[in-house]
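Every chain is numbered from 1, with letters handed out A, B, ... down the list of sequences. When reading the values below, keep in mind they use all heavy atoms of this one structure, side chains included, and skip hydrogens, waters and symmetry mates.
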Protein chains: 2
Amino acid sequence: MDVEKIIKTEKEIPLKSRTIIHFMLLYAKINEKISTMLKPFEVSLQQFNVLRILRGQNGKAANLSTLNERMVTKMSNTTRLVDKLLLKGYVHRQTCPTNRRKIEITITELGNRQLEQMDRAMKDAEDTILQNLSHKELEQLNVLFNKF
Amino acid sequence: MDVEKIIKTEKEIPLKSRTIIHFMLLYAKINEKISTMLKPFEVSLQQFNVLRILRGQNGKAANLSTLNERMVTKMSNTTRLVDKLLLKGYVHRQTCPTNRRKIEITITELGNRQLEQMDRAMKDAEDTILQNLSHKELEQLNVLFNKF
DNA sequence: GAACAATAATTGTATATACAAATATATGTT
DNA sequence: AACATATATTTGTATATACAATTATTGTTC
């Protein structure tokens with residue numbers, strides 16, 4: 001982790017700036033590892049998250065607004081994101097019969113099976129990324145993250 | 001910060017997964033604040049970083065490979081990224097006279113002036129993002145980040 | 001010094017993401 | 001019922017990013 005990589009001045013970098021830059025570099029690193037891990041499944045991190053949200057519904061359908069609300073990114077993507085999962089046969093979509101504006105999304109059997117495999121790969125990625133942090137340090141990190 | 005937002009299961013989320021998800025949500029939050037802050041200047045975070053790297057050169061030119069090496073993202077973008085800064089008049093580009101494969105990039109007067117304003121806005125953004133963290137907590141965070 | 005490899009940057013293409021506008025359906029008001 | 005308003009999703013467009021292929025120049029080797 002080389003913070004000096006981005007900013008290199010004669011002056012020392014203030015603690016706050018250093019923290020933010022550090023965070024950004026770390027993000028790039030983590031994101032790369034996770035993308036690599038998801039590559040064999042041909043899904044993006046976002047698509048993976050949608051599948052996880054759908055599984056969390058325990059069989060209940062989720063409409064696009066619900067998915068969008070739970071996700072980090074914005075609405076306009078959700079339609080196209082689900083389109084891609086649909087193409088792979090990981091989800092099923094149906095217009096809500098009581099309110100035809102709504103679209104109900106459910107995860108398919110295939111989606112669930114693939115997701116289980118992704119889970120295992122994800123666990124490996126997490127272990128790699130966090131291998132140098134102890135249980136106590138991870139807890140510290142979560143406490144600090146909660147303050148943001 | 002709501003980790004349950006992405007994964008919602010009957011089981012408790014393991015500490016490592018929780019940490020990664022937490023991190024991702026935090027990234028989205030921070031990234032949004034920084035983008036908002038940069039919006040008036042019509043530059044992306046990447047473009048801002050290029051300008052900071054160039055300033056760090058203290059007048060010396062940087063070629064595209066150097067910029068790329070210092071940045072988080074990949075080469076292919078660097079050309080187009082610099083193109084945009086060029087359009088705004090923030091940088092100057094010139095073929096290296098001794099090695100005509102290389103392109104030398106320098107920051108312009110205008111670029112420097114704008115960058116100073118961005119610095120101020122960035123400082124405000126950092127203060128907002130990190131307002132709930134004490135000096136000690138920031139130091140803790142940096143120590144933990146270094147372990148990744 | 002011709003042929004090949006290495007380096008530096010650019011371009012093409014596909015996909016991802018952000019923002020705004022448009023469409024379709026439902027609800028509330030007079 | 002006609003109208004405006006709200007809700008849910010989709011589409012268009014511009015920009016961002018990733019990966020591979022291409023071009024231009026330089027360096028190396030026989």
Side-chain angles (χ1 to χ4, degrees), chain A residues 24-25 27-50 61-88 91-106, chain B residues 24-25 27-50 61-88 91-106:
Chain A
M24 291 301 196
L25 288 173
Y27 170 78
K29 199 174 161 182
I30 292 177
N31 197 42
E32 205 224 305
K33 288 238 171 73
I34 293 182
S35 301
T36 306
M37 160 251 135
L38 285 174
K39 183 159 282 176
F41 302 99
E42 292 184 330
V43 295
S44 67
L45 179 54
Q46 302 282 23
Q47 290 174 36
F48 176 52
N49 283 336
V50 168
N63 57 42
L64 287 176
S65 301
T66 311
L67 287 179
N68 186 50
E69 192 190 296
R70 291 259 191 87
M71 284 194 311
V72 176
T73 45
K74 296 282 144 11
M75 185 64 202
S76 41
N77 306 327
T78 316
T79 302
R80 287 180 264 229
L81 225 154
V82 168
D83 282 349
K84 274 166 209 142
L85 291 172
L86 206 63
L87 276 174
K88 298 197 188 75
V91 299
H92 176 255
R93 62 180 285 165
Q94 184 184 6
T95 308
C96 172
T98 60
N99 186 341
R100 282 168 48 217
R101 285 173 301 185
K102 292 186 183 177
I103 304 286
E104 294 177 334
I105 316 290
T106 44
Chain B
M24 290 302 196
L25 288 173
Y27 170 78
K29 198 174 163 182
I30 292 177
N31 197 43
E32 205 224 304
K33 288 238 170 74
I34 294 181
S35 300
T36 306
M37 160 252 134
L38 285 174
K39 185 158 282 178
F41 302 99
E42 291 183 332
V43 294
S44 67
L45 179 56
Q46 302 282 22
Q47 290 174 37
F48 176 52
N49 283 335
V50 168
N63 57 44
L64 286 177
S65 301
T66 311
L67 286 180
N68 185 51
E69 193 189 296
R70 290 260 190 88
M71 284 195 312
V72 175
T73 45
K74 296 282 146 6
M75 185 65 202
S76 42
N77 307 326
T78 316
T79 303
R80 288 180 264 229
L81 224 155
V82 167
D83 282 348
K84 274 165 209 146
L85 291 172
L86 205 64
L87 276 174
K88 297 198 186 73
V91 300
H92 177 253
R93 63 180 284 165
Q94 186 185 6
T95 309
C96 172
T98 61
N99 187 341
R100 283 165 50 215
R101 285 174 301 186
K102 291 185 183 178
I103 304 286
E104 293 177 334
I105 315 290
T106 44

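Between the side chains of Asn68(B) and Ser65(B), no donor N or O sits under 3.5 Å from an acceptor N or O.
Between Glu104(A) and Arg100(B), the residue anchored closer to the 5' end of DNA chain D is Glu104(A), taking for each the nucleotide with the nearest heavy atom. Between Lys84(B) and Asn77(A), it is Asn77(A) whose nearest contact on DNA chain D lies nearer the 5' terminus. Along DNA chain C, the nucleotide closest to Arg80(A) and the one closest to Leu64(B) are compared, and the more 5′ of them pairs with Leu64(B).
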Please tabulate, one pair per line, all N/O donor-acceptor pairs under 3.5 Å involving side-chain atoms of residues 94-101 of chain B, not counting sequence neighbours.
unit_1   : atom_1 : unit_2    : atom_2 : d
Asn99(B) : OD1    : Arg101(B) : N      : 3.2
Asn99(B) : OD1    : Arg101(B) : NE     : 3.2

Do Asn31(A) and Met24(B) pass the side-chain contact (heavy atoms from CB on, under 4.5 Å) test, and can you show the C-alpha distance, the side-chain angles, and the key distance before you say yes or no?
CA-CA 9 Å; Asn31(A) 197 42; Met24(B) 290 302 196; 4.2 Å; yes
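A pairwise comparison of heavy atoms in Pro40(B) and Thr36(B) identifies CD-O, 3.5 Å as the closest pair. Residues Val91(B) and Leu86(B) share a closest heavy-atom pair of O-CD1, 3.3 Å.
Five base pairs at each end of the helix from dG1(C)-dC30(D) to dT30(C)-dA1(D) define two local axes, and these are offset by 10° (rounded to 10°).
Contacts of Phe41(A) classified as ring-ring contact (aromatic ring centres under 6.0 Å, His included), with partners at least two apart in sequence or in another chain: none. With sequence neighbours left out, the side chain to side chain donor-acceptor pair (under 3.5 Å) criterion links Glu104(A) to no other residue. Listed by chain and residue number, Gln47(A) satisfy the side chain to side chain donor-acceptor pair (under 3.5 Å) test with Lys88(A) (two or more places apart in sequence, or in another chain).
Nucleotide dA8(D) holds its C1' atom 14 Å from the CE atom of Met71(A), rounded to whole Å. Between Ile105(A) atom CD1 and dT9(D) atom C1' there is a gap of 10 Å when expressed in whole angstrom units.
Taking 4.0 Å as the cutoff to heavy atoms of chain A, we find the contact window on DNA chain C bounded by dA16(C) to dA26(C).
Note on Arg101(B): every side-chain N or O is 4.0 Å or more away from OP1 and OP2 of dA24(D).
As judged by a 4.0 angstrom heavy-atom cut-off over every strand, Thr79(B) is placed among the base-contacting residues.
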